[in-house]
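Counting from 1, the numbers follow the sequence of the chain as shown.
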Amino acid sequence: MIYLLVFSLSSFFLYVAEKQINSLNKKVLTFIALLLPILLATLRNERVGIDVETYMKPLYLCSMRSKNIGSFFANMKSEYALMHLDYGYALMGYFASKITGGLWGIFLVNSLLCILPLYFGIVKYNKILKCNVNVGSKEVPIWIAMFIFYCLFYNNSLNQVRQIITCALLFYGFMSLLRKEYIRGIFVFLVACTFHKASFIFLYIAIVYGFARSKNKNWRIILLFSLIVFLIFSIQIFYFGMNILNALGLVPEKYYGEIFNKEYGDRDVNLSWLFIALVMLVITALNLYNNRQDVMARFLFLITFSFISLFNLSSYFSSFGRIQLYFMIYASICLPLFATAGQSLIKESKIASNIICIIVPLLYWFVAVYLFDYTGTIPYYFI
C-alpha cells in the first residue's frame, strides 16, 4: 500500500534526522520526511476522501467564480454545501484556490495545516520534558510519534479535514502554552476556532492539565469521579442538556434529527478507537504507578479517561463521536511512553518498546482504515 510506504519512508527520514549532529543535514532530512506525506495528499485524485465532494470541491468552484472576497462569501452563503462552513477554513480555501488555480491547492494547504503543527507540537513537547522538573516522562522519539500520527490520523486528514486541522492546531497551541508562549498559544487557539467550533474543547484540556499539575489530590479525585459519573450516565446527561438547548432554540437544525429522532437500536461503536484508548489507559496507568509525581503521565491518563468516557455517546451519535479525535491525538505522545511504562516487562529493551509502539497503530490502520475504509480513502488514486 502506498500509504504504508510513505508512512515508513517519512518516519525513516525523521529517524535519520534525529541522529544528525549537523543542523543543516537535520533540517534537509526533516524537510524531505514531512514533504512525502504532504505530496501524497496534494497529488491525490478527488475520489480519495468523502468530504472532497461534500465541501472541498464546492469550495474550490465557488472560489474560482468569485471576483473578490466579498462576492465569495455572498456566493458561499447561497450554496447549501458551504453555508455552514467555518469562515477560517473557507478563507483558506479561497486563497489556496486563487493562488494555485486548482483543487490540489486546497489539498496542499490542508495537509500542511495537519502535519506541520503536529510535528512542531511534538518538538515542543520534548522541550517541555527536558526543561520541566515537574514532568517525569522521557522524551519521545519524533519518528515514532509521527508514525503513530500517520497511522491514526493521516487518512482522516484526507476526509475529515477541518477536524484534523483543528486537532493539530490545538495540539500545537497547547504545547505552546506549556512552553509559556502564551501569545502564540492563544493566537493559535483563536485561529483554530475559525476552522471548527469544537475548538472550545481546548479549554477543557487546559483545565484537565491544571488539575493534573495541582498538588491537591482532592481536585484530581473529583475530576476522575466526575468522568466516571459521566461515563455511566452520559446518555441521560446529554439528552437533559440538549432538551434545555432546544428549548432555547440553540440546537443547530442539521443535528436536530440525529439527536432527537435517533433510534437506540442503531449503535455503531468504533472498536478500533476503543482499542487505542484502552492501550493509552494501560500505558499511562503504568507510568503513574512507576512515578506518582509524573505530571504529564497524570494529564495523559485523565485525557485518555475523557476519551473513553465519550464512547457511550458516540455509539449513538456519530457526529458527537468526532469529538473523541481531540483527545485521541494525544496518542502520538502517549503510546511511546510504553518504553518507560513497561520497564519491568521488557527489561528496558528499547527495540522491543519501539516495535510495540509501531504494531499498535499499524493494527488500528489495518482494521479501521484498510479493511473497513471508514475514511473513504482506500484505494488511493493519483490526480
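- The ring-ring contact (aromatic ring centres under 6.0 Å, His included) pairs that include a residue from residues 24-66 are Tyr55-Tyr89, where partners are two or more places apart or lie in different chains.
- Here salt bridge (Lys or Arg N to Asp or Glu O under 4.0 Å) pairs that include residues 104-124, with residues two or more places apart or in two chains, are Lys124-Glu181.
- Checking each of Phe202, Phe195, Phe171 against Phe189 for a ring-ring contact (aromatic ring centres under 6.0 Å, His included) leaves exactly one that passes, namely Phe202.
- Residues meeting the ring-ring contact (aromatic ring centres under 6.0 Å, His included) test with Tyr381, sequence neighbours left out: none.
- For Phe187, the CZ atom is loosely surrounded, since the number of other residues' heavy atoms within 6.0 Å does not exceed 12.
- Listed by chain and number, the residues in a ring-ring contact (aromatic ring centres under 6.0 Å, His included) with Tyr172 amount to none (sequence neighbours excluded).
- Hydrophobic clustering keeps Ile283 apart from Tyr289 (ILVMFWY residues linked when any side-chain heavy atoms are closer than 4.5 Å, directly or through intermediates).
- For the ring-ring contact (aromatic ring centres under 6.0 Å, His included) test, residues two or more places apart in sequence or in another chain that qualify with Phe382 are Tyr380.
- Using a 30° and 60° split on the angle between ring planes, Tyr150 and Tyr154 fall in the perpendicular class, above 60°.
- The aromatic rings of Tyr370 and Trp365 sit parallel to each other, their planes meeting at less than 30°, with 60° as the upper class boundary.
- Within 6.0 Å of atom NZ in Lys27, 12 or fewer heavy atoms from other residues, nucleotides or ligands are found, so the atom counts as exposed in its surroundings.
- Looking at Phe299, Tyr326, Phe327 one by one, the single match for ring-ring contact (aromatic ring centres under 6.0 Å, His included) with Phe174 turns out to be Phe299.
- Cluster membership for Leu40 and Leu36, using ILVMFWY side-chain heavy atoms within less than 4.5 angstrom, is shared.
- Residue pairs meeting the salt bridge (Lys or Arg N to Asp or Glu O under 4.0 Å) criterion with at least one member in residues 186-201, sequence neighbours excluded: Asp86-Lys197.
- In the displayed structure, Phe73 atom CZ is contacted under 6.0 Å by more than 12 heavy atoms of other residues, nucleotides or ligands.
- Checking Ser71 against Asn68 by side-chain atom types alone, a donor-acceptor pair falls below 3.5 Å.
- Follow the hydrophobic side-chain contacts under 4.5 Å out from Leu281 and you never reach Ile221; the two are in separate clusters.
- Under the 4.5 Å side-chain heavy-atom criterion for Ile, Leu, Val, Met, Phe, Trp and Tyr, Ile50 and Tyr3 are members of distinct hydrophobic clusters.
- For Asn155 and Tyr374, the side-chain atoms include no donor-acceptor pair closer than 3.5 Å.
- Within 6.0 Å of CD1 on Ile183 lie no more than 12 heavy atoms contributed by other residues, nucleotides or ligands.
- Note on Trp143 and Phe12: same hydrophobic cluster, where clusters join Ile, Leu, Val, Met, Phe, Trp and Tyr whose side-chain heavy atoms are under 4.5 Å apart, directly or indirectly.
- We find the OG1-CG distance between Thr42 and Asn110 to be 9.0 Å, quoted to the nearest 0.5 Å.
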